[in-house]
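Got a structure here, written out as structure tokens. Questions coming.
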Amino acid sequence: MIPTAHQVFVLIPLLMEVTLVSDNSTSLSYWLRWEFFFCLLSVLTSTIIASVLIWKYEGSSNSERAYSLYDGEAWVPCVKGLNPVWLLAFRIVASCLLLAASIADVATHGTNLFYYYTQWTLILTIFYFVFGSLLSTCACMRQHKICNAHSRHTDAEKGMYTRLTKAGTDNAVNELGECYFSQAAAFWGYIFQIVFQMTAGAVMLTDGVYWLVIFPFLTIVDYEMSFLTVVVHSLNLVLLLGDTAMNSLGFPWFRISYFILFTACYVMFEWIVHAFVATWWPYPFLNVSEQYAPMWYWMVAVLHLPCYAMFAVGKKAKKIILGLVIISCWCIWKGRNELVFNQIRRSPLEIMVEIKSRGFGWDKNRSSCKNISWNEWCKYPMYML
């Protein structure tokens, strides 16, 4: 009998209040129960589906159907006119902040934190930003050398040394940017995009499960909700969203398979550890001796889809959102200048009307919703996202 939604939420606190230390997981009888086989089935099913997707879309025999990645997507910002150095600086700062948070967390709570999926996700996020910083650094240095060579070549054609003006430099950079988006990415570019999509799904799953399931219902003895705990479970998402707002990486749907395999590796790691060492479970629902463990395993497996989909939708709609943010800032700044220089005071309602009207014109000409009407925009301004 399938439990109803009300029964599920009644069972959540009951399951969460059980002890995190199971009966002897090193004994063979622990693993020869029906609950474990149903849990194993969920992991194997997810792993097989992920492997099939990888083989189908990224196998050598299907290379023509694989997602095409260009060299500039890994390090050139999506905002036109924004220098790649800003994206590099953001990734370096994000790496330092996450690394400092991880070190402080381990120093405070000990190395047992590495049993948690949260810490695995945090390490993966740090790796993403460090990897991205290295790629951006190499690409910026390469771009700088090409710009210098372009400058020397221009001066040689003129027969005299003249400093390249800012306009000339900007034109050279824009031409290089277009060139980088016509060249196929190297092997490391594909690896970086895979890590990006794997990190995005893992961060959404980690923070979502923690704040929506574990935090409201889990009661652990001596559990401390400190500032560091909040930072560890939110900073990674904030910084990743900031990087996503600036980068040009695509988000092909089939690479959810790497996200699934990452979670499967974590579950396998926990099973192997508990098969040889009788220790505590980092999450109660991982304990396969519980009656409702299979339900939790299948529920978490299904959660991969909405977590990945939400990030993909946000990634797709970021240009529209950034455009509306820029329009809002411009309208507010315009209202401020009219007050300072022309002594014309505009009410917040008038500024909001201007933002809505200009946003409608921008979105109608930039988004895929060409048939959007003014009445629909006024009632549901975010429905096209």
Side-chain angles (χ1 to χ4, degrees), residues 49-50 52-60 62-84 86-88 90-91 94 124-125 127-136 138-140 143 174 176-205 236-237 239-262 304-323 363 366-369 384-385:
I49 294 175
V52 170
L53 288 175
I54 294 174
W55 174 81
K56 180 179 180 181
Y57 290 97
E58 298 198 303
S60 57
N62 299 290
S63 57
E64 294 182 357
R65 288 182 290 174
Y67 177 81
S68 297
L69 181 70
Y70 297 104
D71 181 59
E73 292 186 43
W75 59 278
V76 176
C78 66
V79 181
K80 188 175 181 180
L82 185 64
N83 197 298
W86 289 105
L87 181 57
L88 168 62
F90 180 85
R91 287 173 173 173
L124 180 63
T125 311
F127 175 75
Y128 165 76
F129 279 111
V130 172
F131 192 9
S133 299
L134 293 175
L135 285 181
S136 296
C138 295
C140 289
Q143 184 190 47
N174 292 333
L176 286 173
E178 295 177 359
C179 178
Y180 290 133
F181 280 93
S182 62
Q183 299 176 357
F187 170 77
W188 295 112
Y190 280 93
I191 297 298
F192 180 65
Q193 187 187 43
I194 290 172
V195 174
F196 168 64
Q197 295 186 245
M198 187 164 54
T199 304
V203 167
M204 291 293 291
L205 179 63
N236 50 3
L237 178 60
L239 294 177
L240 189 63
L241 289 176
D243 184 87
T244 303
M246 288 190 290
N247 70 38
S248 301
L249 290 170
F251 211 82
W253 67 270
F254 63 86
R255 292 220 171 106
I256 189 178
S257 53
Y258 296 99
F259 168 37
I260 294 173
L261 291 178
F262 176 76
H304 283 68
L305 293 174
C307 290
Y308 192 83
M310 284 190 294
F311 201 94
V313 170
K315 175 73 176 177
K316 185 178 180 180
K318 72 172 185 177
K319 290 185 178 180
I320 298 176
I321 296 175
L322 285 175
D363 186 70
R366 292 295 187 107
S367 72
S368 58
C369 302
M384 79 295 299
L385 301 182

field: Which atom of Val76 lies closest to which atom of Ser248, heavy atoms considered
entry: O-OG, 2.6 Å
- prompt: Do the side chains of Ile256 and Leu305 get nearer than 4.5 Å, heavy atoms only?
  reply: yes
task: For residues Trp253 and Tyr57, establish whether the separation of their ring centroids is below 6.0 Å.
output: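 Centroid separation for Trp253 and Tyr57: below 6.0 Å.
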Sequence-distant partners of Leu82, side chain to side chain contact (heavy atoms under 4.5 Å, CB included), two or more places apart: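 Leu82 satisfies side chain to side chain contact (heavy atoms under 4.5 Å, CB included) with Pro77, Val79, Trp86, Met246 only.
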field: Minimum heavy-atom distance between Cys78 and Ala245, given as atom pair plus value
entry: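 Where Cys78 meets Ala245 most closely, the heavy atoms are SG-O, 3.3 Å.
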query: Ser257: what forms a side chain to side chain donor-acceptor pair (under 3.5 Å) with it, not counting sequence neighbours?
result: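 Not a single residue meets the side chain to side chain donor-acceptor pair (under 3.5 Å) criterion with Ser257.
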- request: Test Trp75 against Leu135 for side-chain contact (heavy atoms from CB on, under 4.5 Å), laying out the working first.
  value: CA-CA 7 Å; Trp75 59 278; Leu135 285 181; 5.6 Å; no
statement: With sequence neighbours left out, the residues meeting ring pair (Phe, Tyr, Trp, His ring centres under 6.0 Å) with Phe259 are His304
statement: Here the gap from Leu237 atom CG to Leu240 atom CG, rounded to the nearest 0.5 Å, amounts to 7.0 Å
- prompt: Does Ala74 offer a backbone N or O that forms a donor-acceptor pair with the side chain of Gln193 under 3.5 Å?
  reply: no
Rounded distance [0.5 Å steps], OG in Ser136 versus CZ in Phe90: 11.5 Å
- request: Could I get the full list of side chain to side chain donor-acceptor pair (under 3.5 Å) partners for Asn247, not counting sequence neighbours?
  value: Asp243, Lys315
Ring pair (Phe, Tyr, Trp, His ring centres under 6.0 Å) involving Trp188 - partner list, sequence neighbours excluded: none
Interatomic spacing from CG in Leu239 to CZ in Arg91 - rounded to 0.5 Å: 12.5 Å
Contacts of Met198 that satisfy side chain to side chain contact (heavy atoms under 4.5 Å, CB included) - sequence neighbours left out: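 So Met198 forms a side chain to side chain contact (heavy atoms under 4.5 Å, CB included) with Leu124, Tyr258, Phe262.
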- prompt: What's the spacing between Ile194 CD1 and Ile54 CD1 if we round to 0.5 Å?
  reply: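 Between Ile194 CD1 and Ile54 CD1, I get 7.5 Å after rounding to 0.5 Å.
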message: Within this structure, what is the CG-CZ distance for the pair Leu249 and Phe251, rounded to the nearest 0.5 Å?
response: 10.0 Å
query: When rounded to the nearest 0.5 angstrom, what is the spacing between CE in Met204 and CE in Met310?
result: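 One gets 4.0 Å once the value is rounded to the nearest 0.5 Å.
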field: Residue of the set Phe127, Phe129, Tyr128, Phe187 for which ring-ring contact (aromatic ring centres under 6.0 Å, His included) holds with Phe192
entry: Tyr128
- request: Could you give me the CA-CA distance, side-chain angles and deciding distance for Thr244 and Phe196, then say whether side-chain contact (heavy atoms from CB on, under 4.5 Å) is met?
  value: CA-CA 9 Å; Thr244 303; Phe196 168 64; 3.6 Å; yes
query: Would you say the side chains of Gln197 and Tyr308 form a donor-acceptor pair under 3.5 Å?
result: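 Gln197 vs Tyr308: donor-acceptor pair found between side chains.
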